[in-house]
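Let me begin by presenting the structure, written as structure tokens, before commenting on it.
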Protein chains: 2
Amino acid sequence: MIDTPAAIALVRTASLSSLVEAEVMRLILAGDLDSGEQIKEVKIAERLGVGRSSVREALRALEAAGLVRIEKNRGAFVRVVSEAEAREMYVVREALEGLAGALLAPRISDEEITELRARVDEMETYLDPADFHRYFPLNLTFHRRIFEMTGNGRLIEIYQRLTNELHTIRRNGLLRGGGLSVSNTEHRAIVEALAARDPAAASAALKAHVAAGARRRTGHREERVVA
Amino acid sequence: MIDTPAAIALVRTASLSSLVEAEVMRLILAGDLDSGEQIKEVKIAERLGVGRSSVREALRALEAAGLVRIEKNRGAFVRVVSEAEAREMYVVREALEGLAGALLAPRISDEEITELRARVDEMETYLDPADFHRYFPLNLTFHRRIFEMTGNGRLIEIYQRLTNELHTIRRNGLLRGGGLSVSNTEHRAIVEALAARDPAAASAALKAHVAAGARRRTGHREERVVA
DNA sequence: ATCTTGTCGATTGTCGACAATGTCAACCGC
DNA sequence: GCGGTTGACATTGTCGACAATCGACAAGAT
């Protein structure tokens with residue numbers, strides 16, 4: 001069973017290496033490939049039924065995207081982000097989220113406000129530590145949607161890239177618990193600042209939220225990350 | 001005559017495709033490859049004496065870096081950034097420069113202040129429109145140094161990437177003249193805010209400078225870009 | 001015992017061959 | 001002329017082959 005029109009569009013636009021790239025990225029973000037783990041070309045090639053060239057091109061692209069590190073003659077490895085790098089990234093992320101809030105506040109539509117409120121409400125039902133595996137993706141989507149609503153494609157891209165690189169940190173944060181209700185209270189403050197169409201308040205609320213998340217992370221190094 | 005240790009280090013760490021990547025990037029940034037121009041694999045391969053695989057890997061990396069656009073079965077092209085994209089990028093850049101100023105102000109050293117002042121002084125000697133080809137690279141370096149001084153590697157990387165993508169816009173801006181002395185006056189204000197170790201003032205000065213540069217750009221679409 | 005050296009299997013780096021696709025101009029019927 | 005078709009050419013997509021390199025292990029020297 002094949003969706004013919006979709007298949008045509010796919011073959012027309014997607015090269016093998018681009019598909020391999022997407023699949024390897026998925027494996028990394030899903031955690032099927034651990035941080036620091038070596039990615040062997042032939043293994044991927046055989047699993048997906050493609051040649052090594054396609055895999056190598058995909059790995060080069062993923063290296064440029066920051067998800068993979070390639071050492072000559074040694075191989076490709078899932079990139080590990082150090083504590084120091086994570087701190088740097090959180091600083092940048094704070095500024096980006098602040099910008100997103102300032103951009104979105106004046107232009108947000110009533111429908112978008114409703115959507116964000118609904119998302120916060122949904123997260124509210126998963127505050128129990130046992131539900132963290134549900135809360136977590138909702139949280140990611142909430143933040144992503146705010147960026148998407150700004151309509152600034154470049155901002156969205158940069159944020160998404162940063163988010164991808166932080167995947168390890170975020171998933172590691174999944175291991176322990178704490179602070180979910182505080183996090184979601186901050187979410188609500190963000191939405192209300194946006195609903196008030198107040199750029200400065202929205203920017204401040206988002207920056208405070210990210211900074212608090214970073215503090216939760218470094219404070220209890222072994223606790224969950226909820227930013 | 002070969003510098004043996006350097007040669008060993010090079011062969012040890014640099015793959016052919018990484019060298020091709022650097023060279024093609026140079027060609028694009030230097031304007032030897034025009035915006036929108038097709039980059040033919042064999043042409044590059046023959047010119048550099050390498051196989052097509054190396055060139056293809058390099059192009060995939062450059063695509064991920066945003067400098068090249070690849071259309072399946074049609075080829076690789078030097079990426080063209082539209083007016084709308086340029087506006088988006090300037091918005092992001094304004095936020096990044098503001099962040100850099102806020103980060104740098106509290107930590108800047110006396111030597112760094114001296115360096116920045118010297119750079120502004122040097123630019124002051126090239127305010128004549130005829131000297132724009134001198135002023136321009138100095139301007140780029142001035143801004144880059146501010147980011148480098150923040151010590152935030154990720155911020156530096158994101159800024160550099162944005163700058164690379166804006167190369168076309170900036171060079172096109174070279175075609176006409178105007179506003180150099182205003183631009184450098186803003187530079188001086190930036191340095192003095194940094195010298196005062198005032199994060200808010202430095203951030204504001206940098207944001208204002210970028211915003212003014214963007215306005216100079218869109219205002220006189222055909223004028224020089226000096227941001 | 002420790003260090004050096006030689007060897008081997010595994011893996012990556014690079015290349016050219018072949019297939020698939022797009023481009024474009026010559027050609028045809030009208 | 002003119003729109004459409006066809007076919008040759010240029011270019012890219014993908015693959016497998018071969019060489020270079022790495023890491024581990026064994027053998028030998030000190």
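Predicted model only: the values in this text are computed from it and were never measured. The chains referred to below are lettered A, B, ... by the order of the sequence lines, with proteins before strands, and numbering in each begins at 1.
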Sub-3.5 Å pairs of nitrogen or oxygen atoms, protein against nucleotides 21-25 of chain D:
residue	atom	partner	partner atom	Å
D/dT21	O3'	A/Asn73	ND2	3.2
D/dG23	OP1	A/Arg74	NE	2.6

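Within a heavy-atom distance below 4.0 Å of DNA chain C, the residues of residues 34-52 of chain A found are A/Gln38, A/Ile39, A/Lys40, A/Glu41, A/Arg52.
The shortest distance between side-chain heavy atoms of B/Leu19 and B/Leu48 does not fall below 4.5 Å. A 4.5 Å side-chain heavy-atom check between A/Asp34 and A/Val78 finds every atom pair outside the cut-off.
Atom pair A/Leu59:CG and C/dT11:C1' shows a separation of 13 Å (rounding to whole Å applied). Note: CD1 (B/Ile70) to C1' (D/dT14) measures 15 Å, nearest angstrom. In this structure, B/Arg56 atom CZ and D/dT11 atom P are separated by 15 Å, rounded to whole Å. Note: CZ (B/Arg60) to P (D/dT14) measures 9 Å, nearest angstrom. To the nearest angstrom, P of C/dG16 lies 12 Å from CG of B/Leu16. Atom-to-atom, CD of A/Glu57 to C1' of D/dT12 comes out at 10 Å; the value is rounded to the nearest Å. Atom CD in B/Glu63 sits roughly 14 Å away from atom C1' in D/dT12 (whole-Å rounding).
Checked against ring-ring contact (aromatic ring centres under 6.0 Å, His included), A/Phe142 has the following partners two or more places apart in sequence or in another chain: A/His187. Residues meeting the side chain to side chain contact (heavy atoms under 4.5 Å, CB included) test with B/Leu16, sequence neighbours left out: B/Val50, B/Ser54. For B/Ala65, there are no side chain to side chain contact (heavy atoms under 4.5 Å, CB included) partners at least two apart in sequence or on another chain. For B/Ser18, the side chain to side chain contact (heavy atoms under 4.5 Å, CB included) test picks out A/Arg60, B/Ala14, B/Ser15, with sequence neighbours left out. Every residue was checked against the ring-ring contact (aromatic ring centres under 6.0 Å, His included) condition with B/Tyr126, not counting sequence neighbours, and none meets it. A search for side-chain hydrogen bond (donor to acceptor under 3.5 Å, both in side chains) contacts involving A/Arg74 returns A/Glu71, not counting sequence neighbours.
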Distance-only criterion, 3.5 Å: show the donor-acceptor pairs between side-chain atoms of residues 39-46 of chain B and protein atoms not counting sequence neighbours.
residue	atom	partner	partner atom	Å
B/Glu41	OE1	B/Arg52	NE	2.9
B/Glu41	OE1	B/Arg52	NH2	3.0
B/Glu41	OE2	B/Arg56	NH1	2.7

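OP1 or OP2 of D/dC15 lies within a sub-4.0 Å distance of a side-chain N or O belonging to A/Ser54.
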